[in-house]
Amino acid sequence: MSDRFLDDLNPPQREAVLHTEGPLLVLAGAGSGKTRVIARRIAHIVANKLAKPSQILAVTFTNKAAEEMRTRVGELVGAVVAKEIMLTTFHSFCVRVLRSHIHHIGYRKDFSISSEGDTRTLVRRILGDLEGARETFSPQLLQAAISLHKNGCEPPPPATKDNKAAEETEAKYKTWLPEFLESYQSALRAANSLDFDDLLVLTLELWRKEPEVLARFQQHYHYVLVDEYQDTNRVQYDLLRALIETRRNLCVVGDDDQSIYGWRGADSSHILAFDRDYPDAHIITLDQNYRSTETILAAANAVIANNAERRAKNLWSTLGKGRPLEWIVTGDEEHEAKAIMQWLTHIREKANAAYNDFAILYRSNLQSRPIEIALRQAGIPYIVVGGQEFYERTEVKDILAYLKIMANTRNETAFLRVVNMPRRGVGDAALHRIHELCMNESLSVWDASLQAMRRGLVAGNAATGLERFRLLVETFRKRFRQPGTSLRAIVAELLDTIAYRAEIGRTCKTPQQFEQRWSNVDAVLRAVETYEKATNAPSLIGFLDENALDNDDDRQSREKRRENAVTLMTIHSAKGLEFPFVFIAGCEEGLIPHERSIRENGLEEERRLFYVALTRARRHATLFEAMSRSRFGRACMTKTSRFLAEIPEHLIHKRVLAARDMVEATVAPPKPKSKPRKKRRPRTP
DNA sequence: AGACCCAGGTTTTTT
DNA sequence: ACCTGGGTCT
């Protein structure tokens with residue numbers, strides 16, 4: 001029974017591994033070996049045959065975390081066994097449940113997952129149909145409202161500029177919103193599509209309506225683990241409660257100080273009140289930090305101590321004092337970027353560090369651009385994590401729309417995107433008539449398009465084009481269902497059939513542009529290929545699911561990080577990671593704390609975010625501030641983030657780089673004579 | 001139908 | 001500053 005999985009664990013960590021039966025809360029401070037504990041715990045269950053690997057469910061929030069966990073578990077029990085463990089994100093887990101049981105609640109098993117972009121398109125379209133509200137309410141506000149509504153939160157009232165109109169608008173919004181939400185949901189349903197929130201909400205609905213389906217899952221999973229429990233929202237919380245009701249072997253791991261997803265409905269009261277939900281819960285606190293220097297922890301502790309809503313704890317470490325934090329004041333964002341680049345170069349040389357020892361963190365994705373430019377100019381290899389532009393590209397959207405409609409003909413967004421691409425003569429007039437038929441007779445676009453032709457509502461060019469389109473979709477739909485042929489080959493054939501290369505050529509002016517766009521197409525083909533190689537029984541739907549929930553861009557950047565490159569990412573996506581050297585850019589009021597977030601989620605969440613950023617650092621943290629930053633194209637003076645004042649002075653060293661000669665200012669005092677060379681190949685996305 | 005131009009909004013964070 | 005969408009012109 002003794003096992004090697006207990007070696008080199010401290011007493012509370014060991015306890016967390018061994019306490020397998022009944023509800024358990026592990027309060028795991030930043031860097032306290034949380035992932036290690038979860039991995040060991042799973043390995044312990046497997047090795048002692050407390051359950052089969054497949055009877056363990058370990059849920060994380062991000063794919064990154066899931067992959068990390070799979071690797072760590074794999075190192076302990078072997079990759080083959082690790083594969084059997086249900087180690088996944090909430091959303092992927094729910095997709096699996098729904099793909100086999102959703103017919104109980106009136107959807108078809110070939111449902112599409114509506115991406116953020118698809119959802120936006122749909123919202124716009126509905127907004128166009130509903131008279132009156134288009135000018136008042138923005139699609140983006142409504143998208144947020146939909147999500148909050150589905151997660152059982154009260155959607156915020158629309159932000160209005162003048163107070164006088166506010167009340168009026170708000171009243172109008174209140175009466176109008178339910179109507180909108182209903183239209184939205186019925187449109188999705190008609191398209192046999194689920195948005196991200198539906199994946200969770202409908203799983204819960206399924207379980208509530210079909211207790212015997214739920215019972216099967218309850219029977220199946222003997223042990224359930226949840227990472228980052230502080231990030232669970234109401235629906236996830238309910239799903240967990242339902243799932244573990246009979247066996248009650250629920251282990252949740254989290255840190256209330258790292259709850260940074262309140263804006264999408266995460267509710268840290270779940271972790272704060274775990275022992276209320278489960279009175280027999282065992283609680284273990286891990287507060288020894290194995291990651292950071294004492295100085296970094298002292299700074300982070302001092303900052304987070306200003307929060308009132310928390311389970312008080314104090315991280316400690318024995319890794320020595322290390323160096324004080326650095327606070328570098330720069331002129332504007334370009335100067336900041338340059339200072340980051342120089343400081344990075346300086347540290348790298350002094351500490352003989354590798355590029356992937358560095359992370360540059362920021363509050364918002366838009367901060368990455370100037371930094372990218374500076375790094376590229378200096379020939380420093382870097383990767384940017386996140387920012388979803390890949391999936392916003394026309395070519396990618398086009399191809400995926402084709403694939404989506406072949407997987408699920410009812411997918412209206414996909415239909416509308418490609419029915420006339422390339423041109424088939426199906427114009428607005430024909431589509432308008434089809435749309436009316438959809439509305440009047442509750443048909444999907446696909447069925448309506450057939451009816452419209454049969455009844456002669458569309459004729460001539462449009463009818464021929466529509467017919468060709470339908471035939472194309474049906475032909476390839478069959479091809480995709482035939483087992484045996486490679487997905488990639490079918491997709492390539494599809495592109496051939498629609499002469500997509502020519503279509504791109506037609507709309508491109510320069511050869512460079514053509515190359516660029518065709519390379520996007522190629523990237524999709526490669527993504528199909530990668531998926532196919534990595535999957536046992538590849539299918540079109542499987543590919544689309546993976547792409548909706550864990551896109552290829554994410555996967556690639558995870559791989560690239562292992563190469564030697566500096567990582568640029570938001571603080572949110574840095575959670576769970578660690579780097580010897582961390583730079584935090586844009587430490588200014590309005591950015592962190594973000595002005596909008598202060599309003600909507602409160603200051604404390606922003607402070608937690610800052611805390612997360614600081615605690616990513618192992619050896620050293622540098623905070624950058626620009627005195628002026630352009631907003632909407634206009635340069636604005638900034639104020640230092642209030643969080644910097646919360647760091648005790650003796651822990652931080654401030655440097656102000658002069659305002660004018662800053663372009664040539666050297667951050668590192670004795671500059672090595674060698675100017676950065678442009679020889680190294682920069683990473684271009 | 002398609003190309004072009006202007007106005008207006010935009011910038012939080014993720015599955 | 002940049003992108004999108006709508007409107008207009010060809």
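Numbers restart at 1 for each chain; the letters A, B, ... are given by sequence-line order, proteins then strands.
Whole-Å rounding puts the A:D227 CG to B:dT15 P distance at 14 Å. Atom NE2 in A:H594 sits about 6 Å away from atom C1' in B:dT11, given to the nearest Å. Atom CZ in A:R634 sits roughly 14 Å away from atom C1' in C:dC2 (whole-Å rounding). To the nearest angstrom, P of B:dT13 lies 8 Å from CG of A:L366. The distance between atom CZ of A:F632 and atom C1' of B:dG8, rounded to the nearest whole Å, is 12 Å. A:E333 places its CD atom 17 Å from the P atom of B:dT11, with the value rounded to the nearest Å. Between the CZ atom of A:R125 and the C1' atom of C:dG5 there is a distance of 17 Å, given to the nearest Å. If you take CG of A:D118 and C1' of B:dT15, they are 14 Å apart, rounded to a whole angstrom.
A:I304 is listed as a side-chain neighbour of A:R310, based on a closest heavy-atom distance under 4.5 Å.
Using a 4.0 Å cut-off, no side-chain N or O of A:N365 falls inside it from OP1 or OP2 of B:dT11. For C:dT4, neither phosphate oxygen OP1 nor OP2 lies less than 4.0 angstrom from any side-chain nitrogen or oxygen of A:R120. OP1 or OP2 of B:dG2 sits under 4.0 Å from a side-chain N or O of A:R423.
Across all strands, A:F61 comes closer than 4.0 Å only to sugar-phosphate atoms, never to a base (heavy-atom distances). A:R369 comes within 4.0 angstrom of no nucleic acid atom, judged by non-hydrogen atoms across all strands. Within 4.0 Å of A:S573, counting heavy atoms only, lie sugar-phosphate atoms of the nucleic acid but no base atom. Within 4.0 Å (heavy atoms only), A:S92 reaches no atom of the nucleic acid at all.
With A:F610 as the aromatic partner, A:R607 does not meet the cation-pi criteria of under 6.0 angstrom to the ring centre and within 45 degrees of the ring axis.
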Practice item. Dump the intermediate steps for side-chain hydrogen bond (donor to acceptor under 3.5 Å, both in side chains) on A:Q143 and A:T119, then the final yes or no. Key: CA-CA 8 Å; A:Q143 254 183 294; A:T119 302; 4.9 Å; no

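If you check the side chains of A:N192 and A:D110, you find a donor sitting under 3.5 Å from an acceptor.
Considering A:D231, A:D257, A:D255 in turn, A:D231 is the only one that fulfils the salt bridge (charged side-chain N to carboxylate O under 4.0 Å, His left out) rule with A:K575.
Nearest-nucleotide assignment on DNA chain B puts the 5′-proximal partner with A:S597, out of A:H91 and A:S597. Nearest-nucleotide positions on DNA chain B place A:G427 closer to the 5' end than the other of A:H572 and A:G427.
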